[in-house]
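Have a look at the structure below before the remarks.
For reference, positions follow the sequence shown, starting with 1.
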Amino acid sequence: MSKTIEGVPEFLTPEQYSSLFAACGFTPDLVRELRLAPDGVHALVFDLDENGRRYLDGRGCAKHRVFIPVRRVPEDERTARITPVQN
């Protein structure tokens, strides 16, 4: 039996797992990596073509880094930032 931490579930249901991504505007199949940090959400996502399939750029699937900030004060004017990743 593994160690338990108060308040941490032993597992997530598929619905709970999907809702983590949905809260950020993603679906699990679009995301390569999702990191929750004190300053916001950092994600590495696959680029999609006009048909909703992963876009291939000749070197593999094109990807983007997405940062969604957590605004803690009204003066914070940061917004989501999307940066292409060089393969």
Of all residues at least two apart in sequence or in a different chain, which pass the side-chain hydrogen bond (donor to acceptor under 3.5 Å, both in side chains) check with [X]?
{"X": "N51", "value": "none"}
{"X": "Q16", "value": "T13"}
{"X": "T83", "value": "none"}

*Each residue besides V70 in its hydrophobic cluster should be listed here, by chain and number; the cluster joins Ile, Leu, Val, Met, Phe, Trp and Tyr at side-chain heavy-atom distances under 4.5 Å.*
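Same cluster as V70: nobody, lone residue.
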Mind checking what makes side chain to side chain contact (heavy atoms under 4.5 Å, CB included) contact with [X], not counting sequence neighbours?
{"X": "L20", "value": "L12"}
{"X": "E10", "value": "none"}
{"X": "D76", "value": "R71, V73, R78"}

_All pairs passing ring pair (Phe, Tyr, Trp, His ring centres under 6.0 Å) where residues 23-48 contributes a residue, at least two apart_ = H42-F67
*Nearest heavy atoms of A80 and P69, plus distance in Å*: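 Minimum heavy-atom contact is N-CD, 3.8 Å.
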Interatomic distance, [X] atom [atom1] to [Y] atom [atom2] [nearest 0.5 angstrom]:
{"X": "E33", "Y": "K63", "atom1": "CD", "atom2": "NZ", "value": "11.0 Å"}
{"X": "L34", "Y": "C24", "atom1": "CG", "atom2": "SG", "value": "5.5 Å"}
{"X": "I68", "Y": "D39", "atom1": "CD1", "atom2": "CG", "value": "11.5 Å"}

_F21 and its side-chain contact (heavy atoms from CB on, under 4.5 Å) partner, picked from V31, T27, V45_ =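 Answer after filtering V31, T27, V45: V31.
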